[in-house]
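So the structure is just underneath, and the comments pick up after that.
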Amino acid sequence: MRINIVGAFIRNSPFGTEIAFKKGFDRIGGHQITAIDTSFPNQVWDYDADVTIVFKWVEGDYFKDLKRCKGLKVLYQPDDLRFPHIRRMMVDMLEYCNHAFTFDDDGAKLAISYGYSSASKLLLTADDELYRQIPNVEKDIDLCFVGSLTAGSSHDSRRKMVNVLRNAGLNVAAVSDLYDIEQVNMLYNRSKVVLNHATDV
């Protein structure tokens, strides 16, 4: 198959769900993958691709390129569709994509309610070239969370989660704005449980 994958390949490197998915397709083999980062100029699209998978959003004038693509167009939304700003993104992208992947079943149901022709759960993936076991590391942290903990209301539940766990007497490492992959991997290896708080529930 010929596949366009549209996402923050350059901006989010080496992190990014889209990067891990592209690596997966490369490992499987037999597919022609075109990676497109719409936050950078001069990106090349395969207008005859069988499918174009857009991670979250398209920036700038690249919506014109998305419209020119002839194959199936699928939006992958890795964030919680219950957030008002994510719902707005989903609704706005309906003009360009009529199929959706979400990270959970609830999101798939919401996408259908927004008007998508089809939607299904496609779990997020972890890049095993970045996240790997380090032998003989002491598990001295009960739980850890690495992710955005900004003061905005969209992260209220994350902050509450950390406070509830700490108040219960657990040793919790909660880190925001950490982009050094070796430090993140070491934190994960030191932790008995790694928390992934993607939803606002």
State the NZ-OG1 distance between Lys73 and Thr52, to the nearest 0.5 angstrom.
7.0 Å
Gap separating the NZ atom of Lys67 from the CD atom of Glu95, nearest 0.5 angstrom:
4.5 Å
Of Phe103, Phe21, Trp57, the one forming a ring pair (Phe, Tyr, Trp, His ring centres under 6.0 Å) with Tyr76 is Phe21
If we count only N and O atoms by modelled type, under 3.5 Å, do the side chains of Asp65 and Tyr47 hold a donor and an acceptor together?
yes
Salt bridge or not between Lys121 and Asp104? Use side-chain N to carboxylate O under 4.0 Å.
no
Start with the C-alpha gap between Met90 and Tyr116, add the side-chain angles, then the distance that decides, and say whether side chain to side chain contact (heavy atoms under 4.5 Å, CB included) holds.
CA-CA 9 Å; Met90 291 292 292; Tyr116 282 83; 3.6 Å; yes
Taking Tyr62 for its side chain and Ile36 for its backbone only, find out whether a donor-acceptor pair lies under 3.5 Å.
no
Using modelled atom types and a 3.5 Å cut-off, is there a donor and acceptor pairing between side-chain atoms of Asp46 and backbone atoms of Thr34?
no
If you group Ile, Leu, Val, Met, Phe, Trp and Tyr by side-chain heavy-atom gaps below 4.5 Å, do Leu170 and Met161 land in one group?
yes
Should Leu123 and Tyr131 be counted in the same cluster of Ile, Leu, Val, Met, Phe, Trp and Tyr side chains packed under 4.5 Å apart?
no
Heavy-atom side-chain contact between Gln183 and Val175 under 4.5 Å:
no
State which residue, out of Lys22, Arg132, Lys23, fulfils the salt bridge (Lys or Arg N to Asp or Glu O under 4.0 Å) condition with Asp127.
Lys23
Test side chain to side chain contact (heavy atoms under 4.5 Å, CB included) applied to His99 and Val51, Val74, Ile53, the passing residue:
Val74
